[in-house]
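Everything below concerns the one structure shown next.
Numbers restart at 1 for each chain; the letters A, B, ... are given by sequence-line order, proteins then strands. Bear in mind the structure is a predicted one, so any value in this text is a computation, not a measurement.
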Amino acid sequence: MDLFSEQPPDYVPLADGACWLPGFALPVMDELWSCVAQHLRIYPPQQMQTPMGYLMSVTTSSMGDWGWVSSANGYGYSAVNPATQQAWPPIPPVILHLASAAALKAGYAGFVPDSCLMNIYQAGNKMGLHQDKDEKDTSQPIVSVSLGIPATFLFGGSKRSDKTQKIPLHHGDVVVWGGHSRRFYHGVAQVKPAIHPLTGQQRINLTLRKAR
DNA sequence: AAGTGGCA
DNA sequence: GCCA
């Protein structure tokens with residue numbers, strides 16, 4: 001075995017049903033970015049307010065039957081864009097297929113998301129530790145796809161005080177969590193300034209979920 | 001608490 | 001960074 005035949009891992013187990021799939025989405029990234037860029041021109045991302053009255057660091061847009069929303073009324077899913085009261089556009093097939101394939105690779109067959117949340121991170125933006133608990137069916141996993149500049153994903157446990165694993169996510173990486181890890185706390189560390197040839201000075205994360 | 005601020 |  002010579003040094004030059006070492007390949008990067010394509011499946012990295014995290015904990016209790018979660019895994020990191022480095023570069024899993026790379027074959028479709030140009031098509032993915034074209035869908036996302038077009039979407040963001042038509043559905044400009046908005047800065048949501050938390051129930052406690054703070055502004056979120058990231059800006060947000062959605063695709064699919066259900067978009068994730070936050071306001072003084074709480075967190076949840078809405079069939080319409082709160083800024084326009086119009087329905088969200090459908091999730092493009094390339095994104096649906098990618099999400100199902102990543103879930104299958106992670107051990108979750110038959111994943112069909114009905115919600116695609118887009119979080120846009122500029123340099124300095126972050127996401128505090130939180131649990132995804134607004135979905136009805138927690139037997140369905142979460143699939144997260146990274147585009148653009150890198151970020152450190154923080155993956156903890158079922159308690160907010162649990163130690164977090166630091167995952168360096170790059171363009172084309174996918175993370176899947178389900179099973180016991182479905183409710184684990186997770187977040188994103190402050191994003192450092194960088195340039196990506198496709199997305200420029202930003203990171204876009206797609207979070208695919210079965211909301212209802 | 002998808003948040004901030006205090007202390008190290 | 002960790003904790004509340």
Centroid-centroid under 6.0 Å between Trp177(A) and Phe111(A) rings =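 No.
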Provide the closest heavy-atom pair for Asp134(A) versus Gly76(A) in the form atom of the first, atom of the second, distance.
->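 That closest heavy-atom pairing would be OD2-N, 4.2 Å.
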So which of residues 115-154 of chain A are in contact with DNA chain B, with a heavy-atom cut-off of under 4.0 Å?
->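 Heavy-atom contacts with DNA chain B come from Lys126(A), Met127(A), Gly128(A), Leu129(A), His130(A), Asp134(A).
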By a strict heavy-atom criterion of less than 4.0 Å, which residues belonging to residues 67-81 of chain A are in contact with DNA chain B?
-> Trp68(A), Tyr75(A)
With sugar-phosphate meaning primed atoms plus P, OP1 and OP2, does Ser57(A) contact a base, only sugar-phosphate, or nothing at under 4.0 Å between heavy atoms?
->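 Since only primed, P, OP1 and OP2 atoms lie under 4.0 Å of Ser57(A), the category is sugar-phosphate.
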C1' gap between dA1(B) and dG5(B), integer Å |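 Here dA1(B) and dG5(B) have their C1' atoms 12 Å from each other.
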Which donor-acceptor pairs under 3.5 Å do the side chains of residues 204-211 of chain A make with protein atoms, sequence neighbours left out?
residue, atom, partner, partner atom, Å
Asn205(A), OD1, Ser144(A), OG, 2.9
Asn205(A), OD1, Arg203(A), NH2, 3.4
Asn205(A), ND2, Thr207(A), OG1, 3.0
Arg209(A), NE, Asp132(A), OD2, 2.8
Arg209(A), NH1, Tyr77(A), OH, 3.2
Arg209(A), NH2, Asp132(A), OD2, 3.0
Lys210(A), NZ, Arg212(A), O, 2.5

Non-neighbouring partners of Tyr75(A) that pass ring-ring contact (aromatic ring centres under 6.0 Å, His included), sequence neighbours left out |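 Tyr75(A): ring-ring contact (aromatic ring centres under 6.0 Å, His included) contacts with Trp68(A).
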For the side chain to side chain donor-acceptor pair (under 3.5 Å) test, which of Thr59(A), Thr60(A), Asn125(A) pairs with Asn119(A)?
->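 Passing option: Thr60(A).
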Given Trp20(A) and Asp173(A), is the side-chain hydrogen bond (donor to acceptor under 3.5 Å, both in side chains) satisfied, shown in steps?
-> CA-CA 7 Å; Trp20(A) 169 30; Asp173(A) 286 4; 3.2 Å; yes
Applying a strict under-4.5 Å side-chain criterion to I, L, V, M, F, W and Y, I'd like to know whether [X] and [Y] cluster together.
X	Y	value
Met127(A)	Met118(A)	no
Val143(A)	Leu104(A)	no
Val176(A)	Leu98(A)	yes

5'-most to 3'-most nt of DNA chain C touching chain A (<4.0 Å, heavy-atom partner on protein side) reads dC2(C) to dA4(C)
Looking just at side-chain N and O atoms, do His171(A) and Ser146(A) make a donor-acceptor pair shorter than 3.5 Å?
->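 Side chains of His171(A) and Ser146(A): no pair found under 3.5 Å.
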Taking the side chain from Gln131(A) and the backbone from Arg183(A), do they hold a donor-acceptor pair closer than 3.5 Å?
-> yes
Passes side chain to side chain contact (heavy atoms under 4.5 Å, CB included), Phe153(A) versus His186(A)? Steps please.
-> CA-CA 7 Å; Phe153(A) 185 57; His186(A) 55 279; 3.7 Å; yes
Could you please spell out the steps behind the side chain to side chain contact (heavy atoms under 4.5 Å, CB included) verdict for Tyr185(A) and Ser158(A)?
-> CA-CA 6 Å; Tyr185(A) 278 88; Ser158(A) 53; 5.9 Å; no
For DNA chain B, note the earliest and the latest nucleotide, 5' to 3', having some atom under 4.0 Å of a heavy atom belonging to chain A.
->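 That gives a stretch of dA1(B) to dT4(B).
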